[in-house]
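This one's a predicted model, so the numbers in the text were calculated from it and none came from an experiment.
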Amino acid sequence: MAKYVMALDAGTTSNRCVLFDEKGGVCSVAQKEFRQYFPQPGWVEHDAHEIWSTQLGVAVEAMQAIGAGAEDIAAIGITNQRETTILWDKATGEPVCRAIVWQCRRTSAICDRLREQGLAPWFREKTGLVIDAYFSATKIMWILENIPGVREKAKRGEILFGTVETWLIWKLTRGKVHVTDYSNASRTMLFNIRTLTWDHEILEKLNIPPSILPTPVPSSQLFGAADEIFFGAPILIAGAAGDQQAALFGEAGFSAGEAKNTYGTGCFLLMNTGESPVFSRNGLVTTIAWGIGGRVCYALEGSIFVAGAAVQWLRDELKVIETAAESETLAAQVEDTCGCYLVPAFTGLGAPYWNQHARGCLVGLTRGVNRKHLVRAVLESIAYQTADVLAAMQDDAGLTLSALKADGGAAKNDFLMQFQSDIINAPVYRPACVETTALGAAYLAGLAVGFWESTEALRNNGRIDRVFEPSMTEAARQEKMSGWKKAVARSLDWSD
Ligand code: ADP
């Protein structure tokens with residue numbers, strides 16, 4: 001009997017492998033960073049070979065660390081940095097150039113042109129996305145246009161495209177399986193999220209040959225098997241999802257109205273909206289959360305540019321704290337912020353304000369404001385921004401948030417979690433297992449092969465470290481939120 005499910009977590013700066021047992025417990029972890037290439041300002045690349053070799057390396061390492069063999073692994077699930085684009089030669093497996101990473105801005109001008117042609121509503125309606133260089137479509141166009149010979153080869157059917165999960169599955173199956181899961185497909189800007197097929201009108205408009213595209217498949221399904229040369233015997237590959245979607249799954253956000261927020265450098269919020277896509281009036285993107293059991297779940301997604309980064313700013317630029325964790329101690333030593341607000345609009349503001357000319361501001365200062373108040377205002381700003389995005393999501397979806405599930409580095413901060421719960425007036429759950437992204441991939445794979453019975457069984461699995469229940473009065477909440485809105489208004493349209 002297999003004892004573990006293997007999660008391959010192919011991130012932006014490192015690849016990890018985590019082996020989970022039936023209870024969702026972490027039994028082994030291995031991790032390796034890989035090189036980031038910045039060939040020009042704003043450009044970011046990875047070596048696809050290195051993504052593969054480090055991923056395979058950590059998988060073997062995680063198994064060896066606990067003496068696990070292929071027969072001990074029920075299935076492999078993959079979660080990955082989304083949108084990053086790889087094109088390779090179908091016959092040789094050689095990438096035609098380095099992978100273009102999601103963060104890479106080289107195709108901004110292509111996106112501007114598409115927007116100028118008035119295509120934004122057209123893309124939104126089909127793909128759920130805003131036109132942006134993040135998504136794979138314009139990265140593929142760039143490669144086809146700029147790497148000599150690739151377009152001709154692609155026309156002859158000799159080139160394959162994949163996001164990172166597609167690449168890893170192709171490599172693990174030694175070129176036998178070329179698939180992408182729905183959640184990853186929904187980040188390409190080429191995928192029709194209603195029909196669950198590549199959108200031929202878009203492909204024609206962008207001049208992308210359909211022959212390069214992987215077959216879209218549900219996120220929890222038998223895709224194929226990792227070749228025996230890698231682990232001594234074949235292991236089934238049975239799950240895949242983009243990192244943010246996998247985190248929502250890993251936190252058991254299976255039902256409409258459940259949401260997760262990853263508190264990292266920035267924040268990534270996803271709210272499950274159920275089985276039909278919800279199109280946002282507030283500039284959020286619509287995405288496929290996962291496909292499982294013949295059904296597809298959709299989500300609204302929003303991000304916050306500066307969250308934990310504001311804590312780093314306190315530490316590294318202002319030097320008012322020495323460690324990120326110290327922010328909690330200081331914030332808890334004062335009753336409130338003494339009326340001051342910090343809006344960390346260092347790079348403009350995203351949803352629901354969408355003001356790229358907004359800049360950071362500190363307002364409401366009086367003579368009594370000290371560094372503890374300032375630190376507290378920074379932590380509170382993370383919660384306010386989250387509350388703004390959640391309000392937009394609930395408004396778009398016509399759903400009431402039942403609970404917020406928190407993960408990421410800054411979710412360790414108890415003060416922040418309590419204030420978050422107070423300000424959204426809903427419980428905040430912090431899981432005991434911080435590996436929620438990897439766990440989500442493991443769940444998807446384990447469900448497909450019967451390692452776990454049902455999503456209901458998984459709900460009981462998810463051990464909660466702590467639940468933060470709201471305890472603020474409605475009047476206090478209203479007062480604080482209205483102060484925040486006033487502060488945001490002061491930050492808008494600052495730079496020209
Ligand atoms: P990322 O994956 O974006 O690099 P992490 O999930 O590792 O981010 O979280 C790191 C971020 O969380 C940093 O910006 C850091 O300032 C912040 N952070 C870490 N610990 C704390 C803490 N105890 N309180 C507040 N912020 C924290």
Side-chain angles (χ1 to χ4, degrees), residues 10 45-53 55 78 80 82-102 104 106-107 110 114 123 126-127 129 135-193 195-219 221-227 229 237 240 242 288 291:
E45 298 177 349
H46 292 156
D47 176 349
H49 280 309
E50 202 186 349
I51 292 179
W52 160 242
S53 61
Q55 190 62 78
I78 301 175
N80 56 293
R82 305 177 300 173
E83 299 124 13
T84 295
T85 297
I86 307 171
L87 267 71
W88 68 92
D89 184 305
K90 191 177 180 172
T92 65
E94 194 58 37
V96 303
C97 59
R98 285 202 202 109
I100 305 184
V101 178
W102 58 276
C104 186
R106 84 181 63 182
T107 58
I110 306 179
L114 295 173
F123 273 101
K126 288 166 173 289
T127 68
L129 302 176
F135 306 115
S136 315
T138 58
K139 301 183 195 291
I140 299 174
M141 290 167 75
W142 190 94
I143 295 174
L144 290 172
E145 273 155 36
N146 291 279
I147 306 296
V150 175
R151 183 174 293 284
E152 291 66 41
K153 287 181 87 177
K155 275 194 194 137
R156 295 198 299 268
E158 294 166 15
I159 297 287
L160 298 178
F161 152 76
T163 40
V164 170
E165 94 295 2
T166 301
W167 169 245
L168 292 175
I169 294 169
W170 194 84
K171 292 297 279 184
L172 283 167
T173 60
R174 299 187 79 202
K176 288 202 187 74
V177 180
H178 186 227
V179 294
T180 181
D181 99 284
Y182 292 154
S183 75
N184 275 294
S186 76
R187 313 299 296 183
T188 58
M189 221 171 89
L190 301 172
F191 193 65
N192 190 310
I193 60 170
T195 60
L196 306 178
T197 54
W198 299 114
D199 192 290
H200 283 272
E201 288 174 4
I202 296 181
L203 295 175
E204 233 165 79
K205 175 118 235 144
L206 305 185
N207 197 13
I208 294 177
S211 64
I212 69 171
L213 300 172
T215 307
V217 291
S219 318
Q221 175 173 295
L222 207 54
F223 304 141
D227 194 275
I229 66 161
I237 310 170
I288 294 180

Within the structure provided, determine whether D89 and K153 are in side-chain contact (heavy-atom separation under 4.5 Å). yes

Here the pair of heavy atoms bringing A137 nearest to M189 is CB-CB, 3.8 Å

Once rounded to the nearest 0.5 Å, what's the spacing between atom CG of N184 and atom CD1 of I288? 10.5 Å

Any idea which heavy atoms bring R151 and P209 closest together, and the distance? NH1-CD, 4.5 Å

What closest approach, in Å, do S136 and F161 show between heavy atoms, and which atom pair accounts for it? CB-CZ, 4.1 Å

Do F123 and I202 have side chains that approach each other closer than 4.5 Å (heavy atoms only, starting at C-beta)? yes

Please report the interatomic distance CG(D181) to OG1(T166), rounded to the nearest 0.5 Å. 8.0 Å

Rounded to the nearest 0.5 Å, how far apart are OG of S186 and CG of L196? 10.0 Å

Verify the neighbour count for atom NZ of K126: are there more than 12 heavy atoms of other residues, nucleotides or ligands below 6.0 Å? yes

Under a 4.5 Å cut-off applied to non-hydrogen side-chain atoms, are L203 and L213 in contact? yes

So do the side chains of N207 and E145 get within less than 4.5 Å of each other, counting heavy atoms only? no

If you look at every heavy atom in T84 and W102, which pair is closest and at what distance? OG1-N, 3.1 Å

Where R106 and I100 come nearest, the two heavy atoms and their spacing: NH1-CD1, 3.8 Å

Do S219 side-chain atoms and G291 backbone N/O form a donor-acceptor pair below 3.5 Å? yes

Show the nearest heavy-atom pair for residues T127 and L190, with the distance to one decimal. CG2-N, 4.2 Å

Below 3.5 Å, can you tabulate the donor-acceptor pairs from side chains in residues 167-174 to any protein atom, sequence neighbours excluded?
| unit_1 | atom_1 | unit_2 | atom_2 | d |
| --- | --- | --- | --- | --- |
| W167 | NE1 | A48 | O | 3.0 |
| T173 | OG1 | I169 | O | 2.8 |
| T173 | OG1 | W170 | O | 3.3 |
| T173 | OG1 | K176 | N | 3.4 |
| T173 | OG1 | V177 | N | 3.1 |

If you count the non-hydrogen atoms of other residues, nucleotides and ligands that lie under 6.0 Å from CD in E204, is the total more than 12? no

Do P210 and W198 touch side chain to side chain, with heavy atoms closer than 4.5 Å? no

Check: T107 and M141 side chains under 4.5 Å, non-hydrogen atoms: no

Can E165 and T180 be counted as having a side-chain donor-acceptor contact under 3.5 angstrom? yes

Test L206 against every option in D199, L114, L144, I140 by the side chain to side chain contact (heavy atoms under 4.5 Å, CB included) rule and name the one that passes. L114

Taken to the nearest 0.5 Å, the spacing of W142 CH2 from C97 SG works out to 6.5 Å

To the nearest 0.5 Å, how far apart are CD in Q221 and OH in Y182? 7.5 Å

Sub-3.5 Å donor-acceptor pair from the side chain of K139 to the main-chain atoms of V101, do we have one? yes

CH2 of W88 to CD1 of I143, rounded to nearest 0.5 Å, is 11.0 Å

Would you find a donor on one side and an acceptor on the other, under 3.5 Å apart, between the side chain of T195 and the backbone of I193? no

